[in-house]
Protein chains: 2
Amino acid sequence: MASERPADGTVGKALDVLELVAGHGAPVRFSDLLSVSDHPKATLYRLLQTLTNQQMLRHDAESGTYSLGVRLVRLAHSAWSQSSLAPIARPHIDALSQATGETIHLAQLDAGHVLYVDKRNAARAIEMFAQAGRVGPAYCTGVGKAMLAHLDPEHLDEVLKAQSFHRHTANTIATAVDLRAELARIRARGYAFDREEHEPGIICCAVPILSRIGKPIGGLSITSSTNRATLEDLETHADKLLNAAGRIAEDAESWRFPERI
Amino acid sequence: MASERPADGTVGKALDVLELVAGHGAPVRFSDLLSVSDHPKATLYRLLQTLTNQQMLRHDAESGTYSLGVRLVRLAHSAWSQSSLAPIARPHIDALSQATGETIHLAQLDAGHVLYVDKRNAARAIEMFAQAGRVGPAYCTGVGKAMLAHLDPEHLDEVLKAQSFHRHTANTIATAVDLRAELARIRARGYAFDREEHEPGIICCAVPILSRIGKPIGGLSITSSTNRATLEDLETHADKLLNAAGRIAEDAESWRFPERI
DNA sequence: CTGACAGGTTCCATTTAGTGAAACACGATC
DNA sequence: GATCGTGTTTCACTAAATGGAACCTGTCAG
């Protein structure tokens, strides 16, 4: 029951193919897909055809390549705007990244894992969004810990069980007991650090975005690398982060989020 | 062969259901979906189940509602970043909206129609993205006409055939002949206007984003309403638009867009 | 010119998976 | 405790997906 995915039915396969195209990152030819997919030729072919005339993929007859289609783009926007925090937080994130000159991440907790929903990189503007949309572990990232710290005990127990504590670096907190202690410190301090716990050389300072009743609805972090900044440098921005988090929470509260908070 | 969609196979139905959930804009209960869908109970049920354990939907057991899932969010980001212009243009659009205080739209041409891929509203920050992801007509929008004006004759013929000239307002250009004349004027002027041609009260000034070889890869517009601004007001921003379009084109060129331009 | 080959597309008998009417479970009302 | 609104499961029926193989191209080599 660890990693489930019996790829049920046709729909599952179709989505796998869709993801294959999406993952490739650029227009792909049929045979390229064939080589990485384990479907027989004809099956893959029909799957691609189905997705294509569903507008989820786009087939360029000229070059014979497949790329993501309009319908997916439309769904994309629905998904993004309904992942709720991203559009609300966007102006605040912009402001933060301008004020600090560092990379800002916006994340949400999903099934015990961290889902990055937006990213703003002040310095190298082009590559933004490169990593947004990714899912990461909660126990060894700044945003993850910041959110966990404000989970109610009941939910926390559940979520801790979902963590697969892997020691990414020497600093990774790799046991539930140690993590609980860290969470208590974070709760007391008001914000969390990532001391190269996930990737060597990458540090961050993160705060939770809390609803009126104190439930974590997201996380906000400022990230840098050890050769550019120290934890103390990042900590100087902590109040700006907290401030922004508060404003985002306010906006979210007033906009919508009726139930589920 | 006009509007095809025999909803082929299971995949098609599943996607329809997915879109139904996405379209609802908020967590939906089973029976709500049942009432708008024309599938029988059991079928809808299994479809939802399939989508759910494919992570395309998320089922909240507590409230018994469905909302968009993580996997779709991930795909969303792939789609958005591969729709290419959006992430590249984002900083330029931000700058434009700040400089002008008006709403900025970024669009691309897809199969003869305008696909809005980003939107920035300086004034009311919250509702941004509300309308991004939408598809609109090319013949009666500023961005649409700006892009059409720079299409090579061969492609233009194709695209004109795809237009379904509907007279939205008194100002709508509703014939191919008139449109060709307008396109010539736009080409000469360098930018296009929308004189309440699509929606009454809505005006805009739009420029094409042109690749090195002069092919339109997107469009950029500044939009307002007649009770806030005049066409002349918007025209004063034309040079800023052209400037931004040029920079976006440059960035796009240097980043990637190897083939297909 | 011919033969070999790779990328794509189509056929079709076989098997699998999706279908949906109806029955069932569970709560909330009346 | 009968009734209604929801959500879930069953199961015989049917439509749809499957994939091996044949079939098109166009291309390149001899």
Side-chain angles (χ1 to χ4, degrees), chain A residues 1 4-21 23-69 71 258-260, chain B residues 1 4-24 26-69 71 258-260:
Chain A
M1 201 175 279
E4 53 184 333
R5 184 76 65 81
D8 56 344
T10 322
V11 177
K13 289 172 201 168
L15 291 175
D16 285 346
V17 170
L18 185 60
E19 213 157 58
L20 220 57
V21 177
H24 194 274
V28 219
R29 274 172 321 127
F30 175 82
S31 48
D32 294 332
L33 289 171
L34 185 58
S35 63
V36 289
S37 147
D38 46 0
H39 297 292
K41 227 182 182 183
T43 303
L44 214 215
Y45 182 72
R46 262 173 305 100
L47 244 25
L48 285 170
Q49 222 173 229
T50 302
L51 287 169
T52 300
N53 62 28
Q54 288 298 325
Q55 310 259 50
M56 294 297 278
L57 290 180
R58 188 167 167 50
H59 181 67
D60 183 12
E62 197 105 353
S63 60
T65 58
Y66 293 90
S67 44
L68 301 182
R71 196 173 180 188
E259 62 272 77
R260 88 142 105 175
Chain B
M1 200 177 279
E4 55 185 331
R5 185 75 66 79
D8 55 346
T10 323
V11 178
K13 289 172 201 166
L15 291 176
D16 284 347
V17 170
L18 185 60
E19 212 156 60
L20 220 58
V21 177
H24 194 273
V28 218
R29 274 173 321 129
F30 176 83
S31 49
D32 293 333
L33 289 171
L34 185 58
S35 63
V36 288
S37 147
D38 45 0
H39 297 292
K41 226 182 184 183
T43 302
L44 213 214
Y45 182 71
R46 262 173 306 99
L47 244 25
L48 284 169
Q49 224 173 227
T50 302
L51 287 169
T52 300
N53 62 26
Q54 288 297 325
Q55 311 258 48
M56 295 297 279
L57 290 180
R58 187 166 167 52
H59 181 68
D60 183 12
E62 198 102 354
S63 61
T65 57
Y66 293 89
S67 44
L68 301 182
R71 198 175 180 186
E259 61 272 76
R260 88 143 104 175

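Below, chain A is the first sequence line, B the second, and so on; all start at residue 1.
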Rounded to the nearest Å, what distance is computed from the NE2 atom of residue A:H39 to the C1' atom of nucleotide D:dG19?
12 Å
What is the distance from CZ of B:R29 to P of D:dT8, rounded to the nearest Å?
12 Å
Pairs under 3.5 angstrom only: tabulate donor-acceptor contacts from the side chains of residues 25-36 of chain A to other protein residues two or more places apart or in another chain.
from	atom 1	to	atom 2	distance (Å)
A:S35	OG	A:D32	O	2.6

With a 4.5 Å heavy-atom cut-off, do A:H59 and A:Q49 have their side chains touching?
no
Atom pair NZ/CZ of A:K41 and A:R46 - distance to nearest 0.5 Å:
13.5 Å
I need the B:L20 CG to B:H24 NE2 distance, nearest 0.5 Å.
8.5 Å
Looking only at heavy atoms, the pair that brings A:R58 and A:L68 closest together is CB-O, 4.0 Å
Measure the CG-CE distance between A:L18 and A:M56 for me, rounded to the nearest 0.5 Å.
5.0 Å
Counting the atoms with a prime plus P, OP1 and OP2 as sugar-phosphate, which does B:S31 contact under 4.0 Å by heavy atoms, base, sugar-phosphate, or nothing?
sugar-phosphate
Hey, what are the protein-to-nucleotides 9-14 of chain D N/O distances that come in under 3.5 Å?
from	atom 1	to	atom 2	distance (Å)
D:dT9	OP2	B:Y45	OH	3.3

Where is the tightest heavy-atom contact between A:V21 and A:Y66, given as atom of each residue plus distance?
CG1-O, 4.0 Å
Rounding to an integer number of Å, can you tell me how far A:L34 CG sits from C:dG8 P?
9 Å
Tell me: CG of B:D16 to P of C:dG18, nearest whole Å?
16 Å
Dot-bracket encoding per residue of DNA chain D, Watson-Crick/G-U cut-off under 3.5 Å, | denoting interstrand
||||||||||||.|||||||||||||||||
Interatomic distance, A:L48 CG vs D:dA17 P [rounded to whole Å]
14 Å
Rounding to a whole Å, what distance do you find between A:L44:CG and C:dG7:C1'?
13 Å
At under 4.0 Å, does any side-chain N or O of B:T10 touch on OP1 or OP2 of D:dA16?
no
Residue A:L47, side-chain heavy atoms: nucleotide from D:dT8, D:dG19, D:dT18 that is nearest:
D:dT18
State, to 0.1 Å, how close A:L47 and A:A14 come at their nearest heavy-atom pair, and which atoms those are.
CG-CA, 4.1 Å
What's the closest nucleotide to the B:F30 side chain, out of D:dT8, C:dT19, D:dT18?
D:dT8
Salt bridge or not between A:K13 and A:D38? Use side-chain N to carboxylate O under 4.0 Å.
no
